[in-house]
Protein chains: 2
Amino acid sequence: MTTARRAILRALENSEDHPDALMLHDRAKEFDPTIAQATVYRTMRLLEQEGLVEKHDFGNGRARYEEAEKEQHDHLINLSTGEIIEFHDTNLEALKIEIAKRLGFDLKDHRLELYAVPRE
Amino acid sequence: MTTARRAILRALENSEDHPDALMLHDRAKEFDPTIAQATVYRTMRLLEQEGLVEKHDFGNGRARYEEAEKEQHDHLINLSTGEIIEFHDTNLEALKIEIAKRLGFDLKDHRLELYAVPRE
DNA sequence: TCAAAATATGCGAATGAGTTGCATATGCAG
DNA sequence: CTGCATATGCAACTCATTCGCATATTTTGA
């Protein structure tokens, strides 16, 4: 456990949004001003492999991260603002598992993103 | 309508899988041996913008394409083989729309991928 | 507590998918 | 068939991410 890693962990804890590596680098600099981008990338890869962090691709070229502790949820991306809304739906979860089963598979992971605009 | 574009279109028609740009480039060379990668990329971008092709990211770094004519479907990725299976579920479609609505949004697009292993 | 071994860091260079500038080639309208 | 608009090939570029390597920090174990 190094200074750099502590800084990244803290930056991550303080983030309510879904930051990308550059945002995390900026935020981590507050705790370790000399931290390098490469270290952020390396650490995020590590955390992802350890299952402590989830990596998402919301389609703008940069990977975005969130802590993995929370309960299972999916994302709705507000196309008007870029805002990301988390939601959870039990029926949906069940349905995913059930569809995989129907096809002869055990579900290991999944990804659901809804891209939507506010209803007027 | 140029030789290069015809070659790409033919390569795409002949593809039952979900080819990436490099695969398309290789396959298109059969019809136009001098075609450049840049042309494949440019043409795929064009086709995607025109809505004739759908672009996917199944998580291995290269975008993958399929013709958009088919009925709406989602993808299950067999983690053991990399094989991609298409499926359609009416309940699931309805549920996505309904969830977006519940959150106050009109669904514009969505992405669902199930990553799974064969049931033994 | 301290030195050696192990691991992580910072830097800049490298990678790899995708894009772009530009001179040339091709397609199409008249 | 000529002229102009558009597309192509090539090589150079972008941008996120990774890597090599020399140095710095942590950990281990006596």
Side-chain angles (χ1 to χ4, degrees), chain A residues 1-12 15 17-66 68 75 77 82 84 111 113, chain B residues 1-13 15 17-66 68 77 82 84 111 113:
Chain A
M1 183 53 56
T2 63
T3 312
R5 288 187 181 172
R6 255 187 296 273
I8 293 167
L9 265 319
R10 264 181 232 169
L12 199 55
S15 299
D17 48 354
H18 297 69
D20 61 39
L22 281 330
M23 293 159 85
L24 283 170
H25 182 219
D26 278 347
R27 293 175 194 180
K29 274 193 268 197
E30 193 183 321
F31 306 107
D32 177 359
T34 67
I35 193 169
Q37 283 203 31
T39 303
V40 176
Y41 279 112
R42 276 189 281 240
T43 304
M44 294 320 287
R45 199 184 344 154
L46 190 70
L47 292 174
E48 198 209 343
Q49 283 163 358
E50 296 301 316
L52 298 171
V53 145
E54 272 174 36
K55 185 180 182 179
H56 298 287
D57 166 23
F58 294 140
N60 54 342
R62 289 212 268 277
R64 303 181 62 166
Y65 299 93
E66 69 180 324
H75 297 96
I77 293 91
I84 291 157
R111 178 156 73 169
E113 288 139 33
Chain B
M1 183 53 57
T2 63
T3 312
R5 288 187 181 172
R6 253 187 298 273
I8 293 167
L9 264 320
R10 265 182 232 168
L12 200 55
E13 280 162 17
S15 299
D17 47 354
H18 297 69
D20 60 39
L22 281 330
M23 293 159 84
L24 283 169
H25 182 219
D26 277 345
R27 294 174 194 181
K29 274 194 267 196
E30 193 183 323
F31 305 108
D32 176 0
T34 67
I35 193 169
Q37 283 203 31
T39 303
V40 176
Y41 280 115
R42 275 190 280 239
T43 303
M44 294 319 288
R45 197 185 346 154
L46 190 69
L47 293 173
E48 198 208 345
Q49 282 163 357
E50 297 301 316
L52 299 171
V53 145
E54 272 174 36
K55 185 180 181 179
H56 298 288
D57 165 24
F58 295 140
N60 53 342
R62 290 210 268 278
R64 304 181 60 167
Y65 299 93
E66 69 180 325
I77 293 91
I84 291 156
R111 178 157 74 169
E113 288 138 34

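Below, read A as the first sequence line, B as the second, and so on, with proteins coming before strands; counting in each chain starts at 1. Owing to the predicted nature of the structure, the values given are computational and were not obtained by experimental measurement.
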[X] versus [Y]: any side-chain heavy-atom pair under 4.5 Å?
| X | Y | value |
| --- | --- | --- |
| A:H56 | A:E66 | yes |
| B:F31 | B:R6 | no |
| A:L47 | A:M44 | yes |

Review point. Who are the side-chain contact (heavy atoms from CB on, under 4.5 Å) partners of B:D57, not counting sequence neighbours?
Key: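 Result, side-chain contact (heavy atoms from CB on, under 4.5 Å) vs B:D57: A:D57, A:R111, B:R111.
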
Give every pair of a protein N or O atom and an N or O atom of nucleotides 2-5 of chain C that lie under 3.5 Å apart, one pair per line with the distance.
none

Check your understanding: Pick the nucleotide of DNA chain C nearest each of A:T2 and B:L22; which residue has the one closer to the 5' end?
Key -> A:T2

Review point. Want to settle it: does B:Y65 or B:T3 sit nearer the 5' end of DNA chain C, counting the closest nucleotide to each?
Key: B:Y65

Practice item. Mind running a 4.0 Å heavy-atom check of residues 38-63 of chain B against DNA chain D and sending the residues that fall below it, in number order? Key: B:A38, B:T39, B:R42

Check your understanding: Any idea which heavy atoms bring A:A68 and A:G51 closest together, and the distance?
Key -> CB-O, 3.4 Å

Check your understanding: Do you know the tightest heavy-atom contact between A:A4 and A:D32?
Key -> CA-OD2, 3.5 Å

Exercise for review: State whether the side chain of A:H25 and the backbone N or O of A:I35 hold a donor-acceptor pair below 3.5 Å, judged by distance alone.
Suggested key: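 The answer is yes, because a donor-acceptor pair under 3.5 Å joins these two groups.
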
Check your understanding: When A:I8 is tested against each of A:V53, A:L46, A:T3, A:T43 for side-chain contact (heavy atoms from CB on, under 4.5 Å), which residue passes?
Key ->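 So, applying the side-chain contact (heavy atoms from CB on, under 4.5 Å) to A:I8 and each of A:V53, A:L46, A:T3, A:T43, only A:T43 qualifies.
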
**Study point:** A:D20: partners by salt bridge (Lys or Arg N to Asp or Glu O under 4.0 Å), with sequence neighbours left out
**Key:**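 A:D20: salt bridge (Lys or Arg N to Asp or Glu O under 4.0 Å) contacts with A:R62.
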
Review point. Taking any atom under 4.0 angstrom from a heavy atom of chain B, which nucleotides of DNA chain D are the first and last to qualify, 5' to 3'?
Key: D:dA7 to D:dC10

Check your understanding: In Å and rounded to the nearest 0.5 Å, what is the NZ to CG distance from B:K29 to B:L24?
Key ->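 It comes to 12.0 Å.
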
Exercise for review: List for me each residue that meets side chain to side chain donor-acceptor pair (under 3.5 Å) alongside B:D17, sequence neighbours excluded, and say none if there are none.
Suggested key: B:R27

Check your understanding: What's the NE2-P distance between A:H25 and C:dC11, to the nearest Å?
Key ->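 Interatomic distance, NE2 of A:H25 to P of C:dC11: 9 Å.
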
Practice item. Find the distance B:Q37:CD to C:dG16:P and express it as a whole number of Å. Key: 13 Å

Exercise for review: Name the nucleic acid region contacted by B:I35, choosing base, sugar-phosphate or nothing; use a 4.0 angstrom heavy-atom cut-off, strictly under.
Suggested key: sugar-phosphate

